[in-house]
Protein chains: 2
Amino acid sequence: MSDPPLFALLNEVSIIEHLARNRLERALPEGLRVSHFVVLNHLVRMGDGRSLVRIARAVQVERPAMTNTIQKLEARGLVRLEPDPRDGRGKLVFLTPAGRAARQEAVAIAEAAVAPVAGDVSIADIESVLPVLRRLRAALDRARD
Amino acid sequence: MSDPPLFALLNEVSIIEHLARNRLERALPEGLRVSHFVVLNHLVRMGDGRSLVRIARAVQVERPAMTNTIQKLEARGLVRLEPDPRDGRGKLVFLTPAGRAARQEAVAIAEAAVAPVAGDVSIADIESVLPVLRRLRAALDRARD
DNA sequence: ACAATATAGTTCGACGACGAACAAATGCAA
DNA sequence: TTGCATTTGTTCGTCGTCGAACTATATTGT
């Protein structure tokens with residue numbers, strides 16, 4: 001009656017994701033959602049000037065969700081849009097200075113939010129686990145239609 | 001400019017959760033949501049005759065979400081409700097035979113859905129990873145207000 | 001016993017994400 | 001070139017989850 005190991009793993013993953021997301025959501029400044037933070041983070045780390053679809057694919061949301069997120073970020077002045085000079089359909093997303101500042105602040109908040117658990121999971125633990133998770137992620141990504 | 005290891009871990013977790021959830025959602029029979037499946041699964045594994053709040057806490061959703069989920073399950077005849085004889089406010093949730101059958105079918109579907117990734121992640125991999133994740137989950141759970 | 005507080009379940013309004021469908025622009029094929 | 005399929009970003013309708021607020025019942029403190 002016990003679960004296959006992969007189920008147990010996905011179950012843990014699901015609960016961790018939920019707890020971490022809720023925790024971060026509450027810690028972030030009023031109105032800045034986790035989805036916004038993820039996009040800001042992505043743009044800082046991978047470079048801005050990317051199209052909506054490209055960002056959407058990278059952070060695993062559908063295009064309408066990204067339209068919504070980017071509109072919120074633009075309304076907050078954290079992001080600026082320009083038409084793609086090479087593709088009349090596309091828009092390119094650029095970070096504003098305010099966007100970079102907000103991201104930096106959010107990272108600090110996020111670090112503080114997860115700090116309490118750092119004592120229970122060591123760096124070595126994490127690094128032993130990461131390769132497997134990356135492989136799992138890659139496999140799931142590949143298996144996606 | 002690189003992430004703290006714990007961030008990288010949570011990032012992988014978040015993506016894996018998203019991919020796995022989407023994949024399962026599409027594989028499940030029409031109208032049976034992942035949230036429904038999670039509840040059925042919980043009742044089979046941990047025993048039925050539990051209250052809504054208790055189930056809600058176990059599967060990490062808020063009470064209104066559980067009210068909604070249980071109402072859907074009841075409408076489908078997968079679950080039956082009885083007043084708690086020891087607490088006039090409470091309702092106890094019981095699985096119906098149809099509910100157990102639906103769960104069994106859903107488990108088979110879920111197993112088939114994740115089968116393609118089994119080749120990339122061995123049982124040994126999973127078991128090496130599980131203890132760390134459980135510790136992380138417990139830490140996050142404890143740190144929750 | 002009785003008032004104050006907490007808890008179970010629900011309803012409500014807001015919000016984010018999804019799939020479907022659309023217009024505009026691009027790419028490909030004959 | 002012209003016609004068809006693809007892609008980009010958007011809008012729309014639906015749905016699930018959340019927090020706040022409410023009723024009814026329990027529990028606690030005095």
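Lettering follows sequence order; numbering is per chain, from 1. The model shown is predicted, which means the values in this text are computed figures rather than measured ones.
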Side chains of [X] and [Y], heavy atoms from C-beta outward: is any pair under 4.5 Å?
X	Y	answer
Val93(B)	Leu43(B)	yes
Lys91(A)	Pro83(A)	no
Thr96(B)	Phe94(B)	no
Leu6(A)	Val117(B)	yes
Arg50(B)	His42(B)	yes

- Item | Whichever of Pro64(B) and Arg33(B) has its nearest DNA chain D nucleotide further upstream toward 5' | Arg33(B)
- Task: Let me know, please, whether Leu52(A) or Thr69(B) comes out on the 5' side of the other along DNA chain D by nearest nucleotide.
- Result: Leu52(A)
Expressed in angstrom and rounded to an integer, what is the separation of [X] atom [atom1] from [N] atom [atom2]?
X	N	atom1	atom2	answer
Glu74(A)	dG9(D)	CD	P	13 Å
Arg63(B)	dA20(D)	CZ	C1'	12 Å
Glu62(A)	dC12(D)	CD	C1'	16 Å
Gln60(B)	dT17(D)	CD	P	13 Å
His36(B)	dG16(D)	NE2	C1'	8 Å
Ile55(A)	dG9(D)	CD1	C1'	12 Å
Glu17(A)	dT17(D)	CD	C1'	13 Å
Arg21(B)	dT17(D)	CZ	C1'	10 Å

- Item | Short side-chain donor-acceptor distance under 3.5 Å, Asp125(A) and Ser122(A) | yes
- Task: Could you pull out the closest heavy-atom pair between Arg137(A) and Glu12(B), with the gap in Å?
- Result: NE-OE1, 3.1 Å
- Identify the heavy atoms of Pro5(A) and Leu130(B) that sit nearest to each other, and give their distance. O-CD1, 4.4 Å
- Query: Would Arg134(A) and Asp120(B) pass as an ion pair if we require N to O under 4.0 Å?
  - Reply: no
- Query: Got a salt bridge between Arg80(B) and Glu82(B), using NZ or NE/NH1/NH2 to carboxylate O under 4.0 Å?
  - Reply: yes
- Message: Using a 4.0 Å heavy-atom cut-off, does Glu25(A) contact any base of the nucleic acid, only the sugar-phosphate backbone, or nothing at all?
- Response: nothing
- Query: Can you list, by residue number, the residues of residues 86-94 of chain B that have a non-hydrogen atom closer than 4.0 angstrom to DNA chain C?
  - Reply: Arg89(B), Gly90(B), Lys91(B)
- Query: Could you give the start and end, 5' to 3', of the contact zone on DNA chain C for chain A, using atoms under 4.0 Å from its heavy atoms?
  - Reply: dG16(C) to dT26(C)
- Query: Taking only N and O in the side chain of Thr67(B), is any of them less than 4.0 Å away from OP1 or OP2 of dG16(D)?
  - Reply: no
- Query: If only side-chain N and O atoms of His18(A) are considered, is one of them under 4.0 Å from the OP1 or OP2 phosphate oxygen of dC18(D)?
  - Reply: yes
- Query: the helix from dA1(C)-dT30(D) to dC22(C)-dG9(D): angle between its terminal axes, five pairs each, to 10°?
  - Reply: 30°
- Query: Can you list the steps and then say if Glu111(A) with Phe7(B) is a side-chain contact (heavy atoms from CB on, under 4.5 Å)?
  - Reply: CA-CA 8 Å; Glu111(A) 278 170 358; Phe7(B) 273 33; 3.6 Å; yes
- Could you walk me through whether Phe37(B) and Leu28(B) pass the side-chain contact (heavy atoms from CB on, under 4.5 Å) test, one step at a time? CA-CA 9 Å; Phe37(B) 173 60; Leu28(B) 287 176; 4.0 Å; yes
